Amino acid sequence: MNPSSPAPFTAAHDSAPATDSVPSADAVTPTDLSAPTADTRPHAPPRRSVNENKLVKRLLRETGKAIGDYGMIENGDRVMVCLSGGKDSYGLLDILLTLRQRAPIDFEVIAVNLDQKQPGFPEHVLPDYLSARDIPFHIETRDTYSVVKRLIPEGKTTCSLCSRLRRGILYRVARELGATKIALGHHRNDILATFFLNLFYGGRMKAMPPKLVSDNGEHVIIRPLAYVREKDLAAYAKLREFPIIPCNLCGSQENLKRKEVSRMLEEWDHHFTNRTWNVFRALSHVVPSHLMDPHLMDFAGLRPTGQAHADGDRAFDEEDFPLPAFSEDEDEDDERTAVHKPAVQVIARPRVRKPDTP
């Protein structure tokens, strides 16, 4: 598939103007989230700038392409979007609602929030926002906060136990709601950070796949924002004025290892333009015969076949790494790119390698 072409998931309505591609913005930006908001009714969106239009188009394009590449959503699906109140899950919900209007298939979206009874959690914010947008939703209330505090000693990280409890509850809710897919708001930076955490501290090559079966075997988990950069989601949250709920309500310790990896990626982005992008692209371009895992490749049983093979080892050749020109901000409708820039190979987002045909 041409990397610049729209994904099949969005192709049915890709001629729709960008200004019509996002539902109206919402005036729900309380400075004090613990207090009720005076008015959460949606209003007409302000006129967007050229850069804002490009941001919206890029988010829709890359999310639609990820969904199409990995077959995340099918006709008749009921997609449960796990809504935490952070910028990523708000963005995921908003983008999926837009794509639902232009997709060539029919599917439902329902937002689900788990209120874990953390002290200070503004429980009115999400119901007010979702009701004002007329979005189907379910709020599940479970006091996992008290359970975690009772079982984890003071000063220890609570995230692991909290995550397991939350996961089990959301699986049950998905089953009760008849959801066929569970959508999470992890983005490209989350996938890269997880990859390096496993590489540096776990001694394994493992990341967050865009689609997988849950550990209890009952659900399909999808990550439609897999191709999306975190900074684009931050800009989108500001543009759409989402009522962000702070993520530090539980008072748990910061994941220092993840913070360290995130700082490393930010440093690379600042000094080495293509490095993180190449690493991310490599996750979908794996050559098992040139790694060392005997479970993926039968090294013990290798024998010469007398036939040339494109992935065969060239033992005496130096590695050659031709560097293509990358453009994170490529806009497929921007004619200025063709006029003012030299003709170079542009890869704006990853391409999923299809299995070789015999």
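Small disclaimer: the values here were computed from a predicted structure and weren't measured.
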**Study point:** Contacts of type side-chain contact (heavy atoms from CB on, under 4.5 Å), residue Lys87, not counting sequence neighbours
**Key:** Glu230, Ala234, Ala237, Ile244
Check your understanding: Among all residues two or more places apart in sequence or in another chain, which pass the salt bridge (Lys or Arg N to Asp or Glu O under 4.0 Å) test with Arg275?
Key -> none
Check your understanding: Taking only residues two or more places apart in sequence or in another chain, which ones pass side chain to side chain donor-acceptor pair (under 3.5 Å) with Ser262?
Key -> none
Review point. Which residues satisfy the ring pair (Phe, Tyr, Trp, His ring centres under 6.0 Å) test with Tyr171, sequence neighbours excluded?
Key: His219
Point to revise | By side chain to side chain donor-acceptor pair (under 3.5 Å) - contacts of Asp215 (at least two apart) | key: Arg167
Study note, to complete from the structure: Residue set satisfying side-chain contact (heavy atoms from CB on, under 4.5 Å) with Arg204, at least two apart, ordered chain then number -> Asn198, Lys206
Practice item. Kindly write out the residues that satisfy side-chain contact (heavy atoms from CB on, under 4.5 Å) with Glu218, not counting sequence neighbours, or none if the list is empty. Key: Arg175, Asn216
Quick one: side chains of residues 105-114, donor-acceptor pairs under 3.5 Å with protein atoms, not counting sequence neighbours, listed by atom name and distance.
{"unit_1": "Glu108", "atom_1": "OE1", "unit_2": "Arg78", "atom_2": "NE", "d": "3.4"}
{"unit_1": "Asn113", "atom_1": "ND2", "unit_2": "Leu83", "atom_2": "O", "d": "2.8"}

Practice item. Under the salt bridge (Lys or Arg N to Asp or Glu O under 4.0 Å) rule, collect the residues that match up with Asp88, sequence neighbours excluded. Key: none
**Study point:** Results of salt bridge (Lys or Arg N to Asp or Glu O under 4.0 Å) for Lys117 - residues two or more places apart only
**Key:** Asp115, Glu123
Study note, to complete from the structure: Residue set satisfying salt bridge (Lys or Arg N to Asp or Glu O under 4.0 Å) with Arg172, at least two apart, ordered chain then number -> Glu140, Glu176
Exercise for review: For Phe200, check ring pair (Phe, Tyr, Trp, His ring centres under 6.0 Å) against everything at least two apart and list the hits.
Suggested key: Phe196
